[in-house]
Amino acid sequence: MVSLDRLLAFSALALLLIVIPGPSVLFVVGRALAHGRRAALTTVAGNTLGAYVLVAAVALGVGPVVERSVLLFTALKLAGAAYLVYLGVKAWRQRGSLRAAFTRAGPPERGGLRTFGEGFAVGVANPKTMVFFAAVLPQFVDRAQGPVPVQMLLLGLVFNVIALVSDSVWGLVASAARDWFARSPRRLSAVGGVGGLAMIGLGVTVAATGRKD
């Protein structure tokens, strides 16, 4: 098991990093503005599971491979960026349908499994997260306290629980703001467009992010 002092230190570091809006937060906010609270929370769940898959990958030794391989890092980065841009373009093109659907019968419905899958894909295709885990998790592991992979999985679980709570709050706040926008069809159409542009910008940012080497 991880010692209490290391666990608390890691939790403090994780909280500091998580509360600052990053790619996951922007993605969740975009989903909340475009499709409402349920879609935002489902996205958070999928994103969190995807991030924990990266934790498991790091614990099993995949993380250091990605960290050392420029080719693999770039491939994962571009795949994640392309997916974000795809979702952004899709949201932009469907901004008018959001207004029409809301006018007819309330907020547009999205399949829960589909939304969950989109969140999962973004979470698991984030090479920056994998590299972060690969660089940080080993610093809080004490080999004298038991199996290293188990300690990493525990630390990763703590990180993801904090992220789950934080991202959910962001999603709820954004969905509440969406209710105000929904009072005007034009506002709702603008929300869909802004959410789409935000995801496109996020995808471009991820693609442009480089490495020190």
Check: Would you say Leu54 and Val161 are hydrophobically clustered, going by side-chain heavy atoms of ILVMFWY under 4.5 Å?
Finding: yes
The remaining residues in the hydrophobic cluster of Leu4, counting side-chain heavy-atom contacts under 4.5 Å among Ile, Leu, Val, Met, Phe, Trp and Tyr, are Leu8
All heavy atoms of Ala32 vs all of Gly171, minimum pair found to be CB-O, 3.6 Å
CD (Gln151) and CG (Leu7) are apart, to the nearest 0.5 Å, by 10.5 Å
CG of Asn160 to CG of Leu155, rounded to nearest 0.5 Å, is 11.5 Å
Do Trp170 and Val44 have side chains that approach each other closer than 4.5 Å (heavy atoms only, starting at C-beta)?
no
Please determine whether the number of non-hydrogen atoms from other residues, nucleotides or ligands lying under 6.0 Å from atom CZ of Arg6 exceeds 12. yes
Given the options Thr43, Val28, Leu41, Ser168 meets side-chain contact (heavy atoms from CB on, under 4.5 Å) only with Leu41
In short, Ala45 meets Phe116 closest at the heavy-atom pair C-CE1, 3.6 Å
Q. Does Val124 share a hydrophobic cluster with Leu157, counting links as ILVMFWY side-chain heavy atoms below 4.5 Å and allowing steps through other members?
A. yes
request  = Could you walk me through whether Arg31 and Glu118 pass the side-chain contact (heavy atoms from CB on, under 4.5 Å) test, one step at a time?
outcome  = CA-CA 10 Å; Arg31 298 283 86 182; Glu118 291 177 348; 3.0 Å; yes
Across all chains, not counting sequence neighbours, the side-chain contact (heavy atoms from CB on, under 4.5 Å) partners of Val165 are none
_For Phe10 and Phe159, take the angle between the two ring planes, folded into 0 to 90°, and tell me which bin it lands in: parallel under 30, tilted 30 to 60, perpendicular over 60._
tilted
Note: Val158 and Ser11 closest approach over all heavy atoms is CG1-OG, 3.3 Å
With sequence neighbours left out, the residues meeting ring pair (Phe, Tyr, Trp, His ring centres under 6.0 Å) with Tyr52 are none
Practice problem: Taking Ser166 for its side chain and Ile162 for its backbone only, find out whether a donor-acceptor pair lies under 3.5 Å. | Solution: no
Shortest non-hydrogen pair, Met152 vs Val55, comes out as O-CG1, 3.7 Å
